[in-house]
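Naming: A, B, ... by sequence-line order, numbering from 1 per chain. These numbers were taken from a predicted model, which means no experiment stands behind them.
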Amino acid sequence: MSNVRVRFAPSPTGKPHTGNIRTAVFDWLFARHNGGKMILRIEDTDRERLDPTAAEEMIRALKWVGIDWDEGPDIGGPHAPYLQSDRRETHLEYANELIKSGNAYRCYCTRERLEQLRKTQEERGLPTGYDRRCRYLPPEERARYEESGATYTIRLAMPREGTVTWNDAVFGDMSWEYRLVDDQVIVKSDGFALYHLAATVDDHLMEITHVIRGEEWLSSTPKHIFIYHSLGWTPPTFVHTTHILGPGRRKLSKREASSEFMNFAAEGYLPEAVLNFVSLIGWTPGDDRELLSPHELIESFSLEGLVGHPAILDEEKLLWYNGQYIRSLSLPELAKRALPFLIKSGLVEQNPSPEKLNYLASVIALEQERIKTLADVASVADFFLLDDDKYEFDVKAVAKWFNAAGVGERLAWVREKLAALSLFNAETIEQVIRLGIEKFSVKPGEVIHPVRVAVSGRTVGPGLYELIDVLGRDRSLRRLDRALTLVSK
RNA sequence: GGCGCAUUCGUCUAGCGGCCUAGGACGCUACCCUCUCAAGGUAGAGACCACGGGUUCGAAUCCCGUAUGCGCUACCA
């Protein structure tokens with residue numbers, strides 16, 4: 001399949017949804033796996049729901065997660081335009097062709113009549129749908145409508161009998177009775193084509209070979225196939241992907257942070273982790289691998305691995321992925337990515353000096369295996385960045401370690417020894433602590449823990465010797481002094 | 001209501017008739033490592049394969065029914 005062409009066709013009606021992006025990911029992996037083309041098309045035919053910033057945000061989200069495309073509204077391509085509203089004339093052209101061949105017709109019914117119709121159908125427990133009044137309009141009545149200049153929509157004249165079949169790449173052999181399919185409106189009274197027509201025409205004209213889209217489209221595929229056939233075209237392969245659900249197997253609601261895709265970026269997730277995670281929701285490489293680089297994802301991707309049932313997005317697992325990727329990052333890279341989060345939390349100034357950047361790197365080196373998101377750096381390493389008289393002491397930590405007998409004496413002793421050290425590094429610091437343990441004949445923890453609380457304010461964190469080393473002698477001594485004032489005499 | 005799709009550990013999934021007394025991962029528990037927290041390592045608990053019928057020498061795997069969930073049923077996508 002070297003001529004594979006797939007398209008991701010979002011409608012710009014709001015913030016990018018995780019489900020949308022996952023579909024884009026599948027498109028992209030499939031295109032790249034086959035050496036085909038990835039096309040971005042913006043389906044903005046719904047002028048009422050249009051959100052002017054949505055397309056940009058979509059592009060930003062796609063780029064963030066690492067997806068690129070070969071043709072699109074931003075870069076053009078051989079099948080331009082890629083903004084669906086710019087293709088209006090083309091859609092109309094084919095709508096008229098459908099009318100000419102008797103596969104579509106103008107419908108003059110008012111919205112009011114349609115609403116009334118639906119209401120009675122619902123009341124009587126009948127299947128809802130258009131009653132095809134205008135399809136069988138007497139010629140003279142039709143002429144009257146035309147002369148009066150009445151507005152109209154264009155509807156598909158669906159076959160009243162027969163069955164349509166196709167092979168869905170995910171769900172396998174599908175078959176549908178045509179008589180159950182409604183005479184769908186394909187052109188609105190405002191002259192814009194509806195999805196069914198627009199997408200079908202564009203997909204064909206853009207030579208799309210595989211239509212990868214959400215399973216909500218499964219039920220309308222018969223309409224699309226009917227359009228393809230009516231126009232004498234060959235339908236593409238349909239690939240209907242199942243939905244991503246929220247906790248409780250409910251639809252991923254806007255309430256869930258994970259539904260809005262770029263929240264992942266804001267929360268400090270790495271794009272490569274998100275890509276890996278999202279790829280594995282509803283798709284499996286077929287083996288036991290969990291950690292796959294973008295390259296490996298592309299290499300392993302196949303339609304056969306697509307799963308036929310919806311999946312719940314498990315944020316705990318995403319967190320694990322993120323931790324894995326954070327630990328695999330080089331130090332400079334991690335520092336670079338964490339910096340914006342530090343700045344945002346006010347721990348680091350806007351344009352830090354090279355010295356500060358250096359210090360940051362050594363801090364992050366100590367915390368790398370302790371964080372799961374970039375945002376965690378701020379909470380876990382704040383004491384490194386706060387002034388020596390500003391970092392906070394954890395109340396419980398103080399209560400536990402500063403009240404024991406002899407703590408003040410040990411802390412003061414350590415303070416003096418550290419001050420006297422000619423060479424100040426993790427190794428010599430450890431020697432001091434060890435010496436203290438021996439001198440006071442106490443358990444290691446009885447020296448180590450109070451010192452840790454003294455210099456960091458808490459009981460958890462990196463190894464004490466490295467911690468003090470990074471903090472530096474002057475700051476450590478100041479902190480020890482500050483802690484001494486808190487120790488019960 | 002009609003039509004369609006789905007149903008394996010809490011979660012993501014492997015499985016495409018015998019290799020399954022159902023495998024992996026996240027999470028959970030215990031232990032090891034250790035100055036704490038992590039990370040890492042080891043072990044464990046966790047699924048009567050939704051339920052009921054078939055088909056077959058043999059079914060998680062094929063067929064039918066039921067239940068449940070989801071989707072579609074718009075001049076939204």
Peer 1: Within the 4.0 Å heavy-atom criterion, would you say H243(A) contacts the bases, only the backbone, or no part of the nucleic acid?
Peer 2: sugar-phosphate

Peer 1: Below the 4.0 Å mark, does C75(B) have OP1 or OP2 next to a side-chain nitrogen or oxygen of R155(A)?
Peer 2: yes

Peer 1: Less than 3.5 Å apart, which donor and acceptor atoms pair up between the side chains of residues 268-278 of chain A and the rest of the protein, not counting sequence neighbours?
Peer 2:
| from | atom 1 | to | atom 2 | distance (Å) |
| --- | --- | --- | --- | --- |
| E272(A) | OE1 | R337(A) | NH1 | 3.0 |
| E272(A) | OE2 | R337(A) | NH1 | 3.2 |
| E272(A) | OE2 | R337(A) | NH2 | 2.7 |
| N276(A) | OD1 | L292(A) | N | 2.8 |
| N276(A) | OD1 | Y325(A) | OH | 2.6 |
| N276(A) | ND2 | E290(A) | O | 3.1 |

Peer 1: For G44(B) and C37(B), measure between their C1' atoms and round to the nearest Å.
Peer 2: 24 Å

Peer 1: Look at the side-chain N and O atoms of T128(A) and state whether any lies under 4.0 Å from the OP1 or OP2 oxygen of A74(B).
Peer 2: yes

Peer 1: Select one nucleotide: of C75(B), C35(B), C72(B), the one nearest the side-chain heavy atoms of Y465(A).
Peer 2: C35(B)

Peer 1: Hey, can you pull the donor-acceptor pairs under 3.5 Å for the side chains in residues 373-385 of chain A, sequence neighbours left out?
Peer 2:
| from | atom 1 | to | atom 2 | distance (Å) |
| --- | --- | --- | --- | --- |
| T373(A) | OG1 | A375(A) | N | 3.3 |
| T373(A) | OG1 | D376(A) | N | 3.2 |
| T373(A) | OG1 | D376(A) | OD1 | 3.2 |
| D376(A) | OD2 | K372(A) | N | 2.9 |
| D376(A) | OD2 | T373(A) | N | 3.0 |
| S379(A) | OG | D376(A) | O | 3.0 |
| D382(A) | OD1 | R458(A) | NH1 | 2.9 |
| D382(A) | OD1 | R458(A) | NH2 | 3.4 |

Peer 1: Quick check on side chain to side chain contact (heavy atoms under 4.5 Å, CB included): which of V455(A), V487(A), V407(A) does P450(A) satisfy it with?
Peer 2: V407(A)

Peer 1: What nucleic acid atoms does R124(A) come within less than 4.0 Å of, heavy atoms only: base, sugar-phosphate, or nothing?
Peer 2: nothing

Peer 1: Ignoring backbone atoms, establish whether H309(A) has a side-chain N or O less than 4.0 Å from OP1 or OP2 of U7(B).
Peer 2: yes

Peer 1: Given the P atoms of A22(B) and A60(B), what is the spacing between them in whole Å?
Peer 2: 11 Å

Peer 1: Here's a test of your reading of the structure: between E466(A) and D46(A), which maps to the more 5' nucleotide of RNA chain B?
Peer 2: E466(A)

Peer 1: Which is true for R458(A) with a 4.0 Å heavy-atom rule: it touches a base, it touches only sugar-phosphate, or it touches nothing?
Peer 2: nothing

Peer 1: Below 4.0 angstrom from OP1 or OP2 of C76(B), is there any side-chain N or O of K188(A)?
Peer 2: yes

Peer 1: How would you label the contact of E290(A) with the nucleic acid (heavy atoms, under 4.0 Å): base, sugar-phosphate, or nothing?
Peer 2: base

Peer 1: Kindly say if R111(A) contacts the phosphate of A74(B), meaning a side-chain N or O under 4.0 Å from OP1 or OP2.
Peer 2: no

Peer 1: C35(B), OP1 or OP2 - any side-chain N/O from R434(A) closer than 4.0 Å?
Peer 2: yes

Peer 1: In whole angstrom, give me the gap between the C1' atoms of U55(B) and C62(B).
Peer 2: 8 Å

Peer 1: Could you pick out which residue, E316(A) or W283(A), lies toward the 5' side of RNA chain B when each is mapped onto its nearest nucleotide?
Peer 2: W283(A)

Peer 1: Verify the contact: side-chain N or O of T242(A) to OP1 or OP2 of G71(B), cut-off strictly under 4.0 Å; return yes or no.
Peer 2: no

Peer 1: Give a yes or no on this: more than 12 heavy atoms of other residues, nucleotides or ligands lie within 6.0 Å of atom CD of E216(A).
Peer 2: yes

Peer 1: Confirm from the modelled atom types if S220(A) and C72(B) form a donor-acceptor pair under 3.5 Å, side chain to base only.
Peer 2: no

Peer 1: Classify S219(A) by what it touches in the nucleic acid, base, sugar-phosphate, or nothing, heavy-atom distance under 4.0 Å.
Peer 2: base

Peer 1: Indicate, with a heavy-atom threshold strictly under 4.0 Å, whether Q324(A) touches base, sugar-phosphate, or nothing.
Peer 2: sugar-phosphate

